[in-house]
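Structure record follows, encoded as structure tokens.
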Amino acid sequence: MSSKKPNKTPQAIRGTQDIFGPDAEAFAFVVETFERVRKLYRFRRAEMPVFEKTEVFSRAIGETTDVVSKEMYSFDDRGGESLTLRPEFTAGIARAYLTNGWQQHAPLKLATHGPLFRYERPQKGRYRQFHQLDAEIIGAGEPQADVELLAMADQLLKELGITGVTLHLNTLGDADSRDAWRGALVEYFRAVQGELSEDSQERLEKNPLRILDSKDRRDQKFVADAPKIDAFLSDEALAFFEAVTSGLDAAGVQWTRAESLVRGLDYYRHTAFEFVPDEGSEAAGLLGSQSTVLGGGRYDGLMESLAGPATPAVGWAAGIERLAMLCNGTGCEQLEVAIAAENSDREGEAAEMAAAFRYAGFSTEVFASGSPKKRYDKARKAEPAILISLDVRDGASANNLSALDQDYQREADAAEIFAARTGG
RNA sequence: GCGAUCGUAGCUCAGUUGGUUAGAGCGCCGGUUUGUGGUACCGGAGGUCGGGGGUUCGAGACCCCUCGAUCGCCCCA
């Protein structure tokens with residue numbers, strides 16, 4: 001919107017959001033549930049800076065990835081150093097782990113959440129400033145770590161009340177398995193190169209694994225018969241994957257094998273996973289095409305890219321906005337007590353009574369502004385469990401308490417406070 | 001970076017093949033009615049129809065440009 005007016009209200013930055021109302025309640029509900037669940041699994045809370053030296057991300061994530069090559073918010077600070085707003089958590093966590101000597105706590109279970117930044121075109125479920133939950137287990141190379149991490153993710157989704165979402169699981173094998181598989185895929189797709197989509201012809205050079213989850217029909221007919229990772233897995237890699245899957249079964253985590261699931265970033269090895277809405281489910285409809293709600297995997301090579309010791313690790317991240325879309329309507333709690341001061345002489349008492357209710361642990365709202373005659377209706381429209389009217393009739397105080405919600409449990413306690421305050 | 005759709009009151013939206021002074025509902029403010037009650041009625045504030053240019057006797061509507069939003073591709077949570 002261009003305008004000659006000098007004092008036009010500035011607009012928010014593209015891809016940023018002002019979250020309010022039910023959306024904000026759902027957002028808070030997601031974060032609160034995550035905090036509760038991570039404590040059950042004894043993941044320790046950590047806070048990292050929102051920005052880092054650019055090289056933290058370019059080295060850890062990979063120069064050639066889209067995230068680094070075209071999606072980072074980078075800028076020079078006043079000393080001329082290139083800094084970047086974090087596009088993901090893992091690289092910063094790895095840096096913190098190394099610079100703070102957190103090796104002493106290994107194996108370390110870490111959880112955090114907060115804003116991330118990526119310069120992309122916004123669309124449904126995707127923003128330039130977005131928010132993620134993040135959980136990592138660092139310094140644990142055993143498949144049990146993958147299982148515990150996934151069990152936590154699964155419980156989180158259940159506690160959020162999210163249904164119609166299942167765990168898609170794959171293995172990328174160890175470095176050798178992955179390289180051999182990649183070579184076979186390149187060979188296979190090169191043979192039919194001319195029939196692939198334009199995007200996939202390019203992927204063949206840059207990131208052949210990505211062809212496997214192409215949405216283009218021209219690609220999909222070849223994907224079905226493409227070489228499978230299973231044929232290239234070393235004995236160790238196979239044993240690792242079997243330990244993960246049997247551990248998930250033992251923990252009661254539902255999963256499905258997704259042979260063409262590959263993760264975008266270079267550092268993933270072995271386990272790769274995503275929680276994705278089932279086709280045709282309500283969740284799928286709510287999310288649009290940005291459907292992955294939680295994703296991650298094992299990244300055994302990451303620490304070395306930051307000049308640290310070889311350190312096995314697994315982690316996942318989940319988009320808070322996407323999770324919140326799936327649990328809208330939850331998190332918004334009912335108003336317990338509404339107090340309508342229907343006469344301006346009662347406004348002071350209404351405030352005092354509200355304080356009494358609030359100290360007793362009742363969520364309370366006072367209606368004492370605007371036309372006195374319309375305050376009762378306003379209070380009523382707030383749909384409280386208990387509605388209290390303070391009025392003046394024939395020169396004397398007139399008080400009334402009515403219970404509007406039949407199922408409300410604390411009515412007797414509320415009535416007691418009301419009676420004590422009104423001398424009745 | 002590419003593509004599609006869309007910008008009218010604080011919000012949700014009408015607005016006919018271009019035709020007087022741009023409307024409704026909700027919300028907000030005030031009044032009348034009611035007087036232990038989610039009432040009804042009346043009134044008010046609030047819009048250079050995203051911005052600029054063009055076509056026309058006449059543009060909210062048609063054309064071009066621009067800004068913005070939404071959704072999709074790429075990529076990803």
Side-chain angles (χ1 to χ4, degrees), chain A residues 1-5 8-17 20-21 30 61 64-72 86-90 113-135 153 165 197-200 202-203 206-207 210-211 213-216 261-265 273-277 287-297 315-326 338 340 342-343 367 369-384 387-394 398-402 404:
Chain A
M1 226 188 282
S2 65
S3 172
K4 289 163 205 157
K5 281 191 180 177
K8 190 92 181 169
T9 305
Q11 289 184 310
I13 305 299
R14 182 197 296 270
T16 64
Q17 352 162 48
F20 177 70
V30 170
I61 300 170
T64 61
T65 59
D66 280 19
V67 170
V68 170
S69 62
K70 55 188 203 192
E71 293 173 2
M72 293 206 300
R86 62 186 180 195
E88 59 145 49
F89 278 114
T90 309
H113 62 83
L116 303 170
F117 305 85
R118 243 120 99 165
Y119 191 89
E120 298 181 277
R121 283 299 287 272
Q123 60 193 71
K124 192 182 185 86
R126 166 201 278 177
Y127 308 94
R128 287 187 173 180
Q129 178 179 338
F130 59 108
H131 302 81
Q132 283 185 350
L133 312 172
D134 187 273
V165 170
S197 68
E198 297 75 20
D199 282 336
S200 284
E202 204 171 311
R203 282 191 273 240
K206 279 177 59 186
N207 196 351
R210 285 259 137 220
I211 300 175
D213 53 15
S214 168
K215 289 172 186 171
D216 197 302
L261 172 67
V262 296
R263 302 286 309 156
L265 307 178
F273 54 86
E274 287 177 354
F275 284 80
V276 189
L287 283 172
S289 65
Q290 260 58 48
S291 55
T292 300
V293 107
L294 183 154
W316 55 248
I320 298 178
E321 289 89 347
R322 293 183 189 177
L323 291 172
M325 282 190 267
L326 299 184
E342 297 197 75
N343 185 296
F367 294 83
S369 64
S371 170
K373 292 181 179 182
K374 290 180 176 173
R375 292 175 189 172
Y376 184 87
D377 284 349
K378 275 197 216 170
R380 183 103 201 195
K381 281 179 184 165
E383 297 184 349
L387 175 52
I388 289 170
S389 159
L390 303 181
D391 202 354
V392 176
R393 291 283 164 77
D394 305 320
N399 310 305
N400 181 260
L401 179 149
S402 49
L404 303 179

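Sequence lines set the chain letters: A, B, ... in the order given, protein chains first and strands last, and positions in each chain run from 1.
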Using nucleotides 25-29 of chain B, report all nitrogen or oxygen pairs with the protein that are shorter than 3.5 Å.
residue : atom : partner  : partner atom : Å
B:G27   : OP1  : A:Lys381 : NZ           : 3.3
B:C29   : OP1  : A:Lys378 : NZ           : 3.4

*asked:* Restricting to side chain to side chain contact (heavy atoms under 4.5 Å, CB included), what partner residues turn up for A:Ala153, sequence neighbours left out?
replied: A:Phe275, A:Leu294, A:Trp316
_In whole Å, I'd like the distance from the CZ atom of A:Phe130 to the P atom of B:A77._
8 Å
*Does A:Arg14 put a side-chain nitrogen or oxygen below 4.0 Å from OP1 or OP2 of B:A69?*
yes
*Does A:Arg210 get its side chain close enough to the base of B:C75, under 3.5 Å, for a donor-acceptor pair?*
no
*Roughly, in whole Å, what's the span from NZ in A:Lys70 to C1' in B:C76?*
11 Å
*asked:* Would you measure the distance from the C1' atom in B:G53 across to the matching atom in B:C13 and give it in whole Å?
replied: 29 Å
*Of all the nucleotides listed (B:G38, B:U36, B:G72), which has the minimum atom distance to the side chain of A:Asp377?*
B:G38
*Reckon A:Gly296 touches a base, only the sugar-phosphate, or nothing at all at heavy-atom distances under 4.0 Å?*
nothing
_Run the side-chain contact (heavy atoms from CB on, under 4.5 Å) test on A:Arg128 and A:Ile13 for me, step by step, so that the C-alpha distance in whole Å, both residues' side-chain angles and the decisive distance to 0.1 Å come before the verdict._
CA-CA 9 Å; A:Arg128 287 187 173 180; A:Ile13 305 299; 5.6 Å; no
*If you look at every heavy atom in A:Pro384 and A:Ala379, which pair is closest and at what distance?*
CD-O, 3.3 Å
*Counting any heavy atom closer than 4.0 Å, what does A:Glu342 reach on the DNA or RNA strands: base, sugar-phosphate only, or nothing?*
base
Please report, to 0.1 Å, the donor-acceptor pairs under 3.5 Å made by any side chain of residues 115-124 of chain A, with sequence neighbours excluded.
residue  : atom : partner  : partner atom : Å
A:Arg118 : NH1  : A:Pro87  : O            : 2.4
A:Gln123 : NE2  : A:Gln290 : OE1          : 2.7

_Could you spell out the base pairing of RNA chain B as a dot-bracket line? Use Watson-Crick and G-U wobble contacts where both distances are under 3.5 Å, [ ] for crossing pairs, | for partners on a different strand._
(((((((..((((.....[...)))).(((((.......))))).....(((((..]....))))))))))))....
*C1' gap between B:G51 and B:A40, integer Å*: 44 Å
*Taking only side-chain nitrogens and oxygens of A:Lys124, does any of them come within less than 4.0 Å of OP1 or OP2 of B:G72?*
no
*Integer angstrom distance from the C1' of B:G68 to that of B:U8*: 15 Å
*Carefully, step by step, assess A:Leu387 and A:Leu401 under the rule side-chain contact (heavy atoms from CB on, under 4.5 Å).*
CA-CA 6 Å; A:Leu387 175 52; A:Leu401 179 149; over 6 Å; no
*Contact class for A:Arg203 vs. all strands (heavy atom < 4.0 Å): base, sugar-phosphate, or nothing?*
sugar-phosphate
*Of the non-hydrogen atoms in A:Lys378 and A:Ser369, which two are nearest, and what is the gap between them?*
NZ-O, 3.4 Å
_Residue-phosphate contact under 4.0 Å: A:Ser289 side-chain N/O, B:G72 OP1/OP2_ = yes
*Measure from the ring centre of A:Tyr376 to the centre of the six-membered ring in the base of B:G38, then say whether that distance is under 5.5 Å and the planes meet at under 30°.*
no
*Using a heavy-atom cut-off of under 4.0 Å over every strand shown, decide if A:Asn400 touches base, sugar-phosphate, or nothing.*
base
*Rounding to a whole Å, what distance do you find between A:Arg126:CZ and B:G72:P?*
9 Å
*CD of A:Gln11 versus P of B:G51: gap in Å, rounded?*
13 Å
*Considering only atom C1', compute the distance from B:C73 to B:G52 and round it to an integer number of Å.*
31 Å
*Kindly compute the distance separating CG (A:Leu326) from CG (A:Leu287), expressed to the nearest 0.5 Å.*
4.5 Å
_Looking only at side-chain N and O atoms, does A:Gln17 offer a donor or acceptor that is under 3.5 Å from a partner on A:Glu321?_
yes
*Could you tell me whether A:Val67 contacts a base, only the sugar-phosphate backbone, or nothing, with contacts defined as non-hydrogen atoms closer than 4.0 Å?*
nothing
*Could you pick out which residue, A:Glu321 or A:Lys215, lies toward the 5' side of RNA chain B when each is mapped onto its nearest nucleotide?*
A:Lys215
*asked:* Going by the rule side chain to side chain donor-acceptor pair (under 3.5 Å), which residues pair with A:Glu342 if we only count those two or more places apart in sequence or in a different chain?
replied: A:Ser389
*Output all residues satisfying ring-ring contact (aromatic ring centres under 6.0 Å, His included) with A:His131, sequence neighbours left out; order by chain, then residue number.*
A:Phe27
*Using the test side chain to side chain donor-acceptor pair (under 3.5 Å), find all partners of A:Asp391 that sit at least two apart in sequence or belong to another chain.*
A:Arg393
_Interatomic distance at C1', B:C64 relative to B:C74, whole Å_ = 30 Å
*Can you sort out the partners of A:Thr16 under side chain to side chain donor-acceptor pair (under 3.5 Å), two or more places apart, ordered by chain and number?*
none
*Report the distance from atom CG of A:Asp216 to atom P of B:G72, rounded to the nearest whole Å.*
17 Å
*Going by heavy atoms closer than 4.0 Å, what residues in residues 113-122 of chain A are next to RNA chain B?*
A:Arg118, A:Glu120, A:Arg121
_For the C1' atoms, the ones on B:U12 and on B:G27, what distance do you get once it is rounded to whole angstrom?_
11 Å
_With sequence neighbours excluded, residues passing side chain to side chain donor-acceptor pair (under 3.5 Å) with A:Asp377_ = none
*Mapping A:Asp213 and A:Ala398 to their closest nucleotides on RNA chain B, which lands nearer the 5' end?*
A:Ala398
*Nearest non-hydrogen partners of A:Ser69 and A:Thr64, listed with the distance*: OG-O, 4.2 Å
_Rounding to an integer number of Å, can you tell me how far A:Asp391 CG sits from B:U34 P?_
16 Å
*Would you mind classifying the nucleic acid contact of A:Tyr127 as base, sugar-phosphate or nothing, using non-hydrogen atoms under 4.0 angstrom?*
base
*The side chain of A:Thr292 lies closest to which of these nucleotides: B:A77, B:G37, B:C75?*
B:A77
*Closest heavy-atom contact between A:Ala318 and A:Leu323?*
CB-CD1, 3.9 Å
*Between atom CZ in A:Arg380 and atom C1' in B:G38, what is the gap in whole Å?*
5 Å
Produce the list of close N/O pairs, under 3.5 Å, pairing protein atoms with atoms of nucleotides 9-13 of chain B; give distances to one decimal.
none

*If you measure from the C1' atom in B:G18 to the same atom in B:U56, how many Å do you get, rounded?*
9 Å
_For atom CZ of A:Arg393 and atom P of B:U36, their distance in whole Å_ = 6 Å
*Expressed as a whole number of Å, how far does the P atom of B:G50 sit from that of B:A9?*
8 Å
_B:U70, OP1 or OP2 - any side-chain N/O from A:Gln123 closer than 4.0 Å?_
no
*Applying side chain to side chain contact (heavy atoms under 4.5 Å, CB included), name anything that partners A:Ser200, two or more places apart in sequence or on another chain.*
A:Leu196, A:Ser197, A:Arg203, A:Ile211, A:Ser214, A:Asp219
